[in-house]
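Written below as structure tokens is the structure these notes are about.
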Amino acid sequence: MSLLEAIFMGIIQGLTEFLPVSSSGHLAIFKNIFQVNTDTGILFDVLLHIGTLAAVFIVYHRDIGKMIREGFGLLGDAFCNIGIFFKRNAGKQEVPYRRVIRNGYRKFDLLVIVSTIPTAVIGYTARDLVEAASGVLLVPGICLILTSILLFISDRVQDKGKSPKNVTYTNAFGIGICQGIATLPGLSRSGTTITACLISGFDRNFAVKYSFIMSIPAILGAAVLQLKDIGSMEIVPVEVGYYALGTLVAAIVGYVCIKTLLVVVRKKKFTYFAVYCLLIGILSIVGYFVLV
């Protein structure tokens, strides 16, 4: 992989991770057409995702900071309740249990955890299938057409204004399943999960926030699974710098795209991206049969 290819792939990742057009699909198409070889399987793809993950932390740092603080508070109250349970059963004292879910951020924490469970199961069991699918141009093409359909639907869903307080754990679990399925190349993670959030009745701004914040444990989990085998990978020393630069480019471009998507969702302008995904999907399918 050359320096120019690394920068270009960083731009593709930054643009397509948050804009609902599938980063994995575009990366798969780019590598298939131009025969890009990173020599490390999907390691570079994971690093690019970490770059865009940094953009999420920057944009939503206040929310994430509050979620972390309330997460520790939630755990502390849960452990206290365990101690209280044993005291009450031992008949030592009638101490009231602490209220664990006492605000919106604690509920937000639990919703993300519930969403992460099906995502982790699907992502882990299907990881070999996903990597194999990335090498076949036909799969991203079909999945991009599916993304197009989802985006058409999202603009036509009525906003029911749900906040964390009103979202059910069943909603969260279903959205987590959608995120797990969206690991397929060409099926936009943001487009799929935002559409799932809107169908579940989320407020449009909260749908975007939830989609991006729930991606944090999924991306980190994928990174851990991939990076644990780094010792067995043959990495050309010069490519380390290329990987780092590509990751940085992805983070910068990703930050700009998050800000853009917030406006797009509020104004219900997903239809433009739907048309784009439909066209690219059709071209990819045609390209598959031409290149075979």
Original post:
Are any side-chain N or O atoms of Arg266 and backbone N or O atoms of Arg204, one a donor and one an acceptor, separated by less than 3.5 Å?
Top reply: no
**OP:** Please report the shortest heavy-atom distance between Phe173 and Ser115, naming the atom on each side.
**Re:** N-OG, 4.5 Å
Original post:
Hey, are the side chains of Arg189 and Ser211 touching, using non-hydrogen atoms and a 4.5 Å cut-off?
Top reply: yes
Original post:
Between the main-chain N or O of Asn103 and the side-chain N or O of Arg106, is there a donor-acceptor pair closer than 3.5 Å?
Top reply: no
Subject >> Neighbour count above 12 (heavy atom, 6.0 Å) for Arg156 CZ >> reply: yes
Show every donor-acceptor pair shorter than 3.5 Å between a side-chain atom in residues 277-284 and any protein atom, with sequence neighbours excluded, or say none if there are none.
from: Ser284; atom 1: OG; to: Ile280; atom 2: O; distance (Å): 2.8

Subject >> Any side-chain donor near an acceptor of the partner, Asn166 and Lys160, under 3.5 Å >> reply: no
Original post:
Any idea which heavy atoms bring Met9 and Leu48 closest together, and the distance?
Top reply: O-CD1, 3.8 Å
Original post:
With a 4.5 Å limit on heavy-atom distance, are the side chains of Val112 and Pro217 in contact?
Top reply: yes
Original post:
So how far is it from Tyr243 OH to Leu47 CG, rounded to the nearest 0.5 Å?
Top reply: 8.0 Å
**OP:** Could you walk me through whether Thr195 and Val157 pass the side-chain contact (heavy atoms from CB on, under 4.5 Å) test, one step at a time?
**Re:** CA-CA 8 Å; Thr195 301; Val157 174; 5.5 Å; no
Original post:
Any donor-acceptor pair under 3.5 Å linking the side chain of Asn171 with the backbone of Thr168?
Top reply: yes
Original post:
Just checking, is any N or O donor in the side chain of Thr193 or Gln179 under 3.5 Å from an acceptor N or O on the other one?
Top reply: no
**OP:** Fit a plane to each ring of Tyr105 and Phe108, take the angle between them on a 0 to 90° scale, and name the class: parallel (under 30°), tilted (30 to 60°) or perpendicular (over 60°).
**Re:** parallel
Original post:
If you group Ile, Leu, Val, Met, Phe, Trp and Tyr by side-chain heavy-atom gaps below 4.5 Å, do Tyr272 and Ile153 land in one group?
Top reply: no
Original post:
Rounded to the nearest 0.5 Å, what separation is found between the CG atom of Leu129 and the CD1 atom of Ile122?
Top reply: 12.0 Å
Original post:
Does some side-chain heavy atom of Ile216 sit less than 4.5 Å from a side-chain heavy atom of Phe57?
Top reply: yes
Original post:
Hey, any chance Ile252 and Ile50 share a hydrophobic cluster, counting ILVMFWY side chains that come within less than 4.5 Å of each other, even indirectly?
Top reply: no
Subject >> Exam field: side chain Lys107 to backbone Pro164, donor-acceptor pair closer than 3.5 Å >> reply: yes
Subject >> Val265-Val263 co-clustered via ILVMFWY side chain contacts under 4.5 Å >> reply: no
Original post:
Checking Arg98 side chain against Ala78 main chain: does a donor-acceptor pair fall under 3.5 Å?
Top reply: no
Subject >> Co-membership, hydrophobic cluster, residues Val275 and Val264, 4.5 Å side-chain >> reply: no
Subject >> Shared hydrophobic cluster for Ile258 and Ile58 (ILVMFWY, side-chain gaps under 4.5 Å) >> reply: yes
Original post:
Is the backbone N or O of Gly71 less than 3.5 Å from a side-chain atom of Asp109, with the two atoms forming a donor-acceptor pair by type?
Top reply: yes
Original post:
How about Tyr242 and Leu4: do any of their side-chain heavy atoms sit closer than 4.5 Å?
Top reply: no
**OP:** First locate atom CD1 of Ile68, then atom NZ of Lys66, and finally report the distance between them rounded to the nearest 0.5 Å.
**Re:** 13.0 Å
Subject >> Heavy-atom pair of closest approach, residues Ser188 and Ala182 >> reply: O-CB, 4.1 Å
Original post:
Do Leu138 and Ile285 come close enough that some side-chain heavy atom pair is under 4.5 Å?
Top reply: yes
**OP:** Kindly give the heavy-atom pair with the smallest separation between Pro20 and Ser190, and that separation in Å.
**Re:** CA-OG, 3.6 Å
Original post:
Which heavy atom in Ile175 sits nearest to a heavy atom in Cys197, and how many Å separate them?
Top reply: CD1-SG, 3.7 Å
**OP:** In sequence, state the C-alpha distance, the side-chain angles, and the governing distance for Tyr60 and Val208, and then conclude on side-chain contact (heavy atoms from CB on, under 4.5 Å).
**Re:** CA-CA 11 Å; Tyr60 292 112; Val208 177; 3.8 Å; yes
Original post:
Which heavy-atom pair separates Leu74 from Val100 by the least distance, and what is that distance?
Top reply: CG-CG1, 3.5 Å
**OP:** Kindly determine whether Asn81 and Ile84 satisfy side-chain contact (heavy atoms from CB on, under 4.5 Å), including the steps that lead there.
**Re:** CA-CA 5 Å; Asn81 282 342; Ile84 291 170; 3.9 Å; yes
Original post:
Is the number of heavy atoms from other residues, nucleotides or ligands within 6.0 Å of OH (Tyr169) greater than 12?
Top reply: yes
Original post:
Step by step, would you call Tyr210 with Val167 a side-chain contact (heavy atoms from CB on, under 4.5 Å)?
Top reply: CA-CA 11 Å; Tyr210 191 79; Val167 175; over 6 Å; no
Original post:
Just checking, Arg69 and Phe72: is the charged tip under 6.0 Å from the six-membered ring centre and within 45° of the axis?
Top reply: no
Original post:
Do Thr52 side-chain atoms and Gly14 backbone N/O form a donor-acceptor pair below 3.5 Å?
Top reply: no
Original post:
Got a second to check how far Ile177's CD1 is from Thr192's OG1, nearest 0.5 Å?
Top reply: 13.5 Å
Original post:
Is there a donor-acceptor pair under 3.5 Å between the side chain of Ser163 and the backbone N or O of Phe206?
Top reply: no
